Amino acid sequence: MKNKLTKLILLSAILTFLLALTGCGEEEELYFEVNRENIQKYSQTLIEKYYNTSEKEQAYYLTDGTDFQKTAVAGFNAAESTDHVGNFVSFADGDDSFEIKNGVDGKILCSQLCKYQNRDVEVIIAYKQNTKYELDKKQAYDDLTAQAQQYGMTIEQFIPQMFGSYPELDMTSVDAFLDDYLALGSGEYPYEPVECEVSPVYSKSELMSRAGKNTAIGMGVVFAVLIFISFVISLLKYLPLLFDSDIRKARAQKKEEQKQAQKATEKLIIAANAPEAVAEEKEEIPAFKKDADSDLMNNDELVAVITAAIAAASEGAVRGPAYTASNDKLVVRSIRRARK
């Protein structure tokens with residue numbers, strides 16, 4: 001019993017240790033090194049520049065601008081016109097308002113939450129590394145070093161003396177100063193924006209409602225198309241009649257022959273019940289033509305005609321049905337094909 005309790009305690013300790021290690025995992029390493037504060041300020045600067053542009057600026061950006069300018073202007077326009085987010089108010093505060101993570105193809109995604117009049121909007125800017133930045137930074141360092149030597153100073157002494165009146169420049173180190181110097185002087189950063197995505201933030205209930213509407217519309221369109229396809233397929237049987245005149249003529253001829261056969265049968269039945277009218281009606285009965293494509297032995301109308309003819313030939317028959325017996329005791333019950 002004691003050994004079981006010891007094993008149970010040891011297993012619980014191991015599981016607790018593993019959970020602790022899982023919870024203390026390291027953050028994802030970015031594709032290239034960035035300063036969180038600097039890239040957030042740069043992202044906010046880009047948002048302020050493109051969220052409210054004039055009609056002339058929009059026409060230029062959407063036609064001749066870069067991919068970032070096109071996606072940024074189009075995204076903000078769609079958010080205002082389609083999603084009706086209202087006017088821009090401010091940038092959201094807090095740790096959850098800004099996020100940096102890796103994207104695809106070596107890009108870094110910076111997500112900034114913005115407060116609008118009607119709902120929040122998430123702006124995601126994709127950055128790629130500026131490979132030219134290090135060369136320009138080295139060139140700036142060499143230029144400042146040459147200027148410092150003219151005054152008999154080192155670059156560490158020259159920078160505070162020359163740029164100390166600019167509080168927006170970071171003087172803590174030469175490297176930090178050069179980053180701010182290139183950003184403010186020439187608008188160059190170690191990264192450059194390539195794409196922008198503007199997404200209004202919806203609640204879960206709103207997302208479920210939109211998903212239900214989209215599903216209903218999609219299913220309705222599918223069923224409507226299926227019904228239309230079924231209707232078109234049902235009309236295909238009339239296509240041969242529209243494009244083949246021989247088929248139409250053959251069907252019309254067959255229908256006319258059936259009509260004539262029906263009339264002839266009626267006349268023969270009447271003649272069987274009235275023998276005295278046989279001679280008068282004999283000339284009006286048309287002759288039947290055997291159709292090579294039909295089986296006359298299975299034709300019910302032909303059987304009726306033959307039965308009526310036999311009954312008419314039996315003179316002195318008592319009036320009644322066609323199968324009534326004649327004076328010579330001949331009874332016609334049925335006509336069947338003879339087996340050969």
Side-chain angles (χ1 to χ4, degrees), residues 27 30-54 56-58 60-61 65-69 72-73 76 87-101 107-116 121 123-196 198:
E27 294 182 359
L30 299 177
Y31 290 136
F32 51 90
E33 184 179 357
V34 295
N35 184 291
R36 178 183 175 87
E37 183 179 356
N38 289 344
I39 199 171
Q40 183 176 10
K41 289 181 180 179
Y42 185 43
S43 299
Q44 293 178 354
T45 302
L46 292 174
I47 293 172
E48 290 176 343
K49 181 178 180 181
Y50 294 104
Y51 84 86
N52 187 20
T53 53
S54 63
K56 291 183 179 180
E57 290 174 333
Q58 292 178 11
Y60 169 75
Y61 291 142
T66 62
D67 292 338
F68 170 76
Q69 292 172 338
V73 173
F76 285 117
N87 297 323
F88 177 83
V89 178
S90 64
F91 296 107
D93 298 327
D95 295 334
D96 296 335
S97 62
F98 186 77
E99 182 183 5
I100 303 176
K101 60 182 179 181
K107 300 174 185 176
I108 290 179
L109 304 180
C110 295
S111 173
Q112 175 65 58
L113 190 63
C114 305
K115 291 185 176 295
Y116 273 71
V121 174
V123 181
I124 301 176
I125 301 177
Y127 293 94
K128 72 175 183 179
Q129 189 174 12
N130 185 5
T131 55
K132 185 183 176 184
Y133 181 78
E134 293 299 329
L135 297 176
D136 293 339
K137 187 175 182 179
K138 184 179 183 303
Q139 183 65 41
Y141 177 83
D142 294 341
D143 293 342
L144 292 174
T145 301
Q147 294 178 20
Q149 291 176 354
Q150 292 179 0
Y151 293 97
M153 295 185 292
T154 63
I155 190 172
E156 289 81 3
Q157 296 172 341
F158 178 74
I159 289 175
Q161 291 289 335
M162 189 68 179
F163 303 97
S165 59
Y166 297 94
E168 60 271 15
L169 296 175
D170 189 355
M171 302 291 178
T172 56
S173 65
V174 176
D175 189 69
F177 169 80
L178 290 175
D179 288 337
D180 292 342
Y181 177 77
L182 290 175
L184 297 176
S186 58
E188 188 174 3
Y189 294 85
Y191 34 79
E192 55 182 342
V194 290
E195 292 177 354
C196 181
V198 182

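Residue numbers run from 1 in the order of the sequence given. Quantities reported herein were computed from a predicted structural model and do not represent experimental measurements.
With no hydrogens or angles considered, a side-chain donor-acceptor pair links Gln139 and Asp143 at under 3.5 Å. With 3.5 Å as the limit, one finds no donor-acceptor pair spanning the side chains of Ser173 and Asp175.
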**OP:** Determine, stepwise, if the pair Phe158 / Thr154 fulfils side-chain contact (heavy atoms from CB on, under 4.5 Å).
**Re:** CA-CA 6 Å; Phe158 178 74; Thr154 63; over 6 Å; no

**OP:** Decide yes or no on side-chain contact (heavy atoms from CB on, under 4.5 Å) for Val123 and Ser111, but give the supporting numbers first.
**Re:** CA-CA 6 Å; Val123 181; Ser111 173; over 6 Å; no

**OP:** Before giving the answer on side-chain contact (heavy atoms from CB on, under 4.5 Å), spell out for Ile125 and Phe68 the whole-Å C-alpha distance, their side-chain angles and the decisive distance to 0.1 Å.
**Re:** CA-CA 8 Å; Ile125 301 177; Phe68 170 76; 3.8 Å; yes

**OP:** Begin from the C-alpha positions of Gln44 and Phe98 and carry the test side-chain contact (heavy atoms from CB on, under 4.5 Å) through to its verdict.
**Re:** CA-CA 10 Å; Gln44 293 178 354; Phe98 186 77; 5.9 Å; no

Subject >> ring pair (Phe, Tyr, Trp, His ring centres under 6.0 Å) between Tyr127 and Phe32, intermediate numbers included >> reply: CA-CA 10 Å; Tyr127 293 94; Phe32 51 90; 8.4 Å; no

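The residues Lys41 and Glu37 are annotated as salt-bridged, a charged nitrogen and a carboxylate oxygen being separated by less than 4.0 angstrom.
Atom CG of Asp67 has 12 or fewer heavy atoms from other residues, nucleotides or ligands within 6.0 Å. When the shell of 6.0 Å around NZ of Lys128 is examined, it contains 12 or fewer heavy atoms from other residues, nucleotides or ligands. The number of heavy atoms from other shown groups lying within 6.0 Å of OH (Tyr181) does not exceed 12.
Counting only distance, with no hydrogens or angles, the side chain of Glu48 and the backbone of Thr45 share no donor-acceptor pair below 3.5 Å. Between the side chain of Gln149 and the backbone N or O of Ala146, no donor-acceptor pair lies under 3.5 Å.
Between Met162 atom CE and Ile155 atom CD1 the span is 12.5 Å, to the nearest 0.5 Å. With rounding to the nearest 0.5 Å, the separation of SG in Cys196 from CD1 in Ile124 is 9.0 Å. We find the CG-CD1 distance between Leu178 and Ile159 to be 6.0 Å, quoted to the nearest 0.5 Å. Rounded to the nearest 0.5 angstrom, Asn130 CG and Lys137 NZ are separated by 12.0 Å. Between the CD atom of Glu188 and the CG atom of Leu182 there is a distance of 5.5 Å, given to the nearest 0.5 Å. Separating the CD atom in Gln112 from the CG atom in Leu46 is a distance of 11.5 Å, to the nearest 0.5 Å.
Tyr60 meets the side chain to side chain donor-acceptor pair (under 3.5 Å) test with no other residue; sequence neighbours excluded.
By the 4.5 Å heavy-atom criterion applied to side chains, Phe91 and Ile47 are counted as neighbours. Contact of the Asp180 side chain with the Glu168 side chain is not registered, since no non-hydrogen atoms from C-beta on lie closer than 4.5 Å. Side-chain contact between Phe177 and Asp170 is absent, with no heavy-atom pair separated by less than 4.5 Å.
Smallest separation of non-hydrogen atoms from Asn35 and Asn38: OD1-N, 3.0 Å. In terms of heavy-atom proximity, Lys107 sits nearest to Ala126 at CD-CB, 4.4 Å. Heavy atoms only, all atoms of each residue included: Thr172 and Ala176 are closest at OG1-CB, 4.0 Å.
Aromatic ring centres of Tyr133 and Tyr191 lie farther apart than the 6.0 Å criterion allows. Centroid-to-centroid, the aromatic rings of Tyr50 and Tyr61 come within less than 6.0 Å. Tyr42 has its ring centre less than 6.0 Å from the ring centre of Tyr189.
Tested against Val121 for a side-chain contact (heavy atoms from CB on, under 4.5 Å), the candidates Tyr51, Tyr116, Phe88 yield a single pass: Tyr116.
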